Asks: 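Pasting a structure here, questions to come.
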Number of protein chains: 2
Amino acid sequence: MKPSSRATALPWSGADVSSRERAWKRNAVILAAARAFAARGYHNTSLDDLAAALNVTKPTIYSYVDSKEELLFECFRQGIDQILAGFNEAETTGGTARERLMTVARHYAIAVTGDFGWCMVRLEEENLEKTMSAKIKTLKSEVDQGLRKLIRQGVADRSIRAGDPKMAAFALAGALNWIAHWHRANDALSPEEIANRVLEIFELGLAPR
Amino acid sequence: MKPSSRATALPWSGADVSSRERAWKRNAVILAAARAFAARGYHNTSLDDLAAALNVTKPTIYSYVDSKEELLFECFRQGIDQILAGFNEAETTGGTARERLMTVARHYAIAVTGDFGWCMVRLEEENLEKTMSAKIKTLKSEVDQGLRKLIRQGVADRSIRAGDPKMAAFALAGALNWIAHWHRANDALSPEEIANRVLEIFELGLAPR
DNA sequence: AAGAAATTTTAATGATGGGTAAAGCGTAGT
DNA sequence: ACTACGCTTTACCCATCATTAAAATTTCTT
């Protein structure tokens, strides 16, 4: 009897343990990569550096990912997944479109200050092959379209002042993305507080009311 | 009689002609570099590529700059100089601090859509030696402090709603910098029009008035 | 037109770093 | 204990550049 054949029902079988172990380690590799890329940049991080940070050697990394590029892509994906999760949450909470937009933006800001923030924001598509580059573009565009849609809805339900939704989405995304550039992990302000202050500016504007 | 000894007064002397020629060519190298970096990224642009774009060979480039890094730095500097020029202009035009801030921001947006926009915004300090990195930081900080000062003045003269000047400066800079990421040279909107629309959002906010 | 000076090219050099083959090692299942 | 499997390491390969020495060429001066 091969244990792996009934593995789904028996999480203590050796095969399951080792596959969970494997997934766990793979994540550790990706997380370490994200931190290294954020600290030194993609091109300035060699796989030897990364391996050293993990206390293993280079080929070990290759048993978890196929290439350095895949590593970068996975970091990007983990980051953007957090942002997309914000859209789902906003749908469940309801409220005016502006309130939902702010929920999304708050999630966004927090994601961007996290471990994968750098990869999400600074990843240059030029570094990737066209097929990966295309996937990234799709994901980015999903976020952009989501923001625009919320803004259009806000104009429709009168919770957002009429204006160019495309520009508003770009401006908002830009301000939020930029947080990844200046935020440091041990900042005085918490990610939530940063999000609040940045979003207040967007809601109320600079001119006095 | 050595013409070069009185060159300052005689712009037709051979020495002057050739030094002007040299400066002109150096600028051409820097501009080509800026465009190549923007198109393919710094690390993905080899000096051979760049030389080919200029119809010369690699060592020719080295007769105008000492290293690839210097090239990057020069691109950055040309970009930031345009932004700093905005501060000077704003001082001469006067008006409320908010009006002056918007003048600066408009210059900023236009600079960022120009040839050196990419280098200014995407240049990662990790790519540079500490001495150059420090210079960059100083220049960036100058811009940041300039924005904050204008915002503080605006709060003081009541042309800007009270708030956190640091966050406002970051949010504004982020939205403006982000333009460099999505703007394409043959965009439907002119840089001026983009600036106007982005800045309107900052002045009035998203919430209806 | 001769010679000097600056400019550009040809042709290496050397270091870095992504990627891999093959051998070693530990563990799980029999 | 034995064997098979998967994970990890050692040791290597090789392509890609940044950078440079020295030769060739053009340009300027007299």
Side-chain angles (χ1 to χ4, degrees), chain A residues 1-7 10-29 32-33 36-37 40-73 126-129 132, chain B residues 1-7 10-29 32-33 36-37 40-73 126-129 132:
Chain A
M1 170 171 29
K2 289 169 79 78
S4 60
S5 63
R6 34 175 231 192
L10 294 173
W12 276 270
S13 84
D16 267 13
V17 170
S18 73
S19 92
R20 255 177 289 144
E21 207 55 31
R22 194 172 169 71
W24 178 267
K25 287 184 184 172
R26 187 183 137 99
N27 272 337
V29 170
F37 294 160
R40 295 188 292 282
Y42 178 67
H43 286 285
N44 302 313
T45 302
S46 77
L47 290 183
D48 279 321
D49 292 343
L50 181 54
L54 287 161
N55 266 311
V56 295
T57 56
K58 201 166 38 168
T60 300
I61 293 173
Y62 277 92
S63 95
Y64 293 102
V65 291
D66 286 346
S67 66
K68 192 182 181 187
E69 222 179 49
E70 185 186 331
L71 216 40
L72 182 57
F73 177 74
E126 306 101 42
N127 294 335
L128 301 168
E129 291 206 282
M132 286 220 169
Chain B
M1 167 171 38
K2 286 170 80 81
S4 60
S5 63
R6 34 176 233 190
L10 295 173
W12 278 269
S13 83
D16 266 12
V17 169
S18 74
S19 91
R20 254 177 289 144
E21 205 56 31
R22 192 171 172 73
W24 177 267
K25 286 184 184 174
R26 187 182 137 99
N27 272 338
V29 170
F37 294 159
R40 293 188 295 280
Y42 178 66
H43 286 286
N44 301 313
T45 303
S46 77
L47 291 182
D48 277 321
D49 292 345
L50 182 54
L54 287 161
N55 266 311
V56 295
T57 58
K58 205 164 31 170
T60 300
I61 293 172
Y62 277 92
S63 93
Y64 293 102
V65 290
D66 285 345
S67 67
K68 193 182 179 186
E69 220 177 52
E70 184 185 331
L71 215 40
L72 183 57
F73 177 74
E126 306 102 41
N127 294 336
L128 300 168
E129 291 206 283
M132 285 221 170

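Naming convention: chains lettered A, B, ... in sequence-line order (proteins, then strands); numbering from 1 in each chain. Since we're looking at a predicted model, the values are computed, not measured.
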Asks: Would you tell me if any nitrogen or oxygen in the side chain of B/Arg22 comes within less than 4.0 Å of OP1 or OP2 on C/dA6?
Replies: no
Asks: Atom OH of A/Tyr42 and atom C1' of C/dG17: how far apart are they, to the nearest Å?
Replies: 12 Å
Asks: Need one value for B/Ser46: base, sugar-phosphate or nothing, where a base atom within 4.0 Å counts as base even if backbone is also close, heavy atoms only.
Replies: sugar-phosphate
Asks: How long is the line joining CD of A/Glu129 and P of C/dG19, in whole Å?
Replies: 10 Å
Asks: Take atom CG of B/Leu54 and atom C1' of C/dT7, then tell me their distance rounded to the nearest Å.
Replies: 15 Å
Asks: First locate atom CZ of B/Phe37, then atom CG of B/Asp49, and finally report the distance between them rounded to the nearest 0.5 Å.
Replies: 10.5 Å
Asks: With rounding to the nearest 0.5 Å, note down the distance linking CD1 in B/Ile61 to NZ in B/Lys58.
Replies: 9.0 Å
Asks: Counting N and O atoms only, with roles assigned by atom type, does the side chain of A/Lys25 sit under 3.5 Å from a partner on the main chain of A/Tyr64, one being a donor and the other an acceptor?
Replies: no
Asks: Round to the nearest Å and state the distance from A/Tyr62 atom OH to D/dT9 atom C1'.
Replies: 15 Å
Asks: Any side-chain heavy atom of B/Leu71 sitting closer than 4.5 Å to one from B/Leu47?
Replies: yes
Asks: From C/dT9, D/dT8, C/dG18, pick the nucleotide closest to the side chain of A/Tyr64?
Replies: D/dT8
Asks: Among the candidates D/dT10, D/dC7, D/dT19, find the nucleotide nearest to the side-chain atoms of A/Lys25.
Replies: D/dC7
Asks: Between A/Asn44 and A/Asp66, which is nearer to the 5' end of DNA chain C once each is assigned its nearest nucleotide?
Replies: A/Asn44
Asks: In whole Å, what is the span from the CD1 atom of A/Ile61 to the P atom of D/dT10?
Replies: 14 Å
Asks: Between C/dG19, D/dA11, D/dT8, which one does the side chain of A/Thr60 approach most closely?
Replies: D/dT8
Asks: Looking at C/dG19, D/dA18, C/dT8, which one has an atom nearest to any side-chain atom of B/Ser63?
Replies: C/dT8
Asks: Grab the CD-C1' distance between A/Glu70 and C/dG19 for me, whole Å please.
Replies: 14 Å
Asks: Any base atoms under 4.0 Å from B/Thr57, or only sugar-phosphate, or nothing? Heavy atoms, all strands.
Replies: base
Asks: Within this structure, what is the CG-to-P distance between B/Asp48 and C/dT9, rounded to whole angstrom?
Replies: 12 Å
Asks: Between C/dG19 and A/Lys58, counting only base atoms on the nucleotide and side-chain atoms on the residue, is there a donor-acceptor pair under 3.5 Å?
Replies: yes
Asks: Of all the nucleotides listed (C/dG19, D/dT8, D/dA11), which has the minimum atom distance to the side chain of A/Ser67?
Replies: C/dG19
Asks: Using whole Å, report how far CG of B/Asp49 lies from P of D/dA18.
Replies: 8 Å
Asks: Consider only side-chain N and O atoms of B/His43 and A/Asn127, and report whether a donor and an acceptor are under 3.5 Å apart.
Replies: no
Asks: Output the single nucleotide from C/dA21, C/dG18, C/dT9 whose closest atom is nearest the side chain of A/Lys68.
Replies: C/dG18
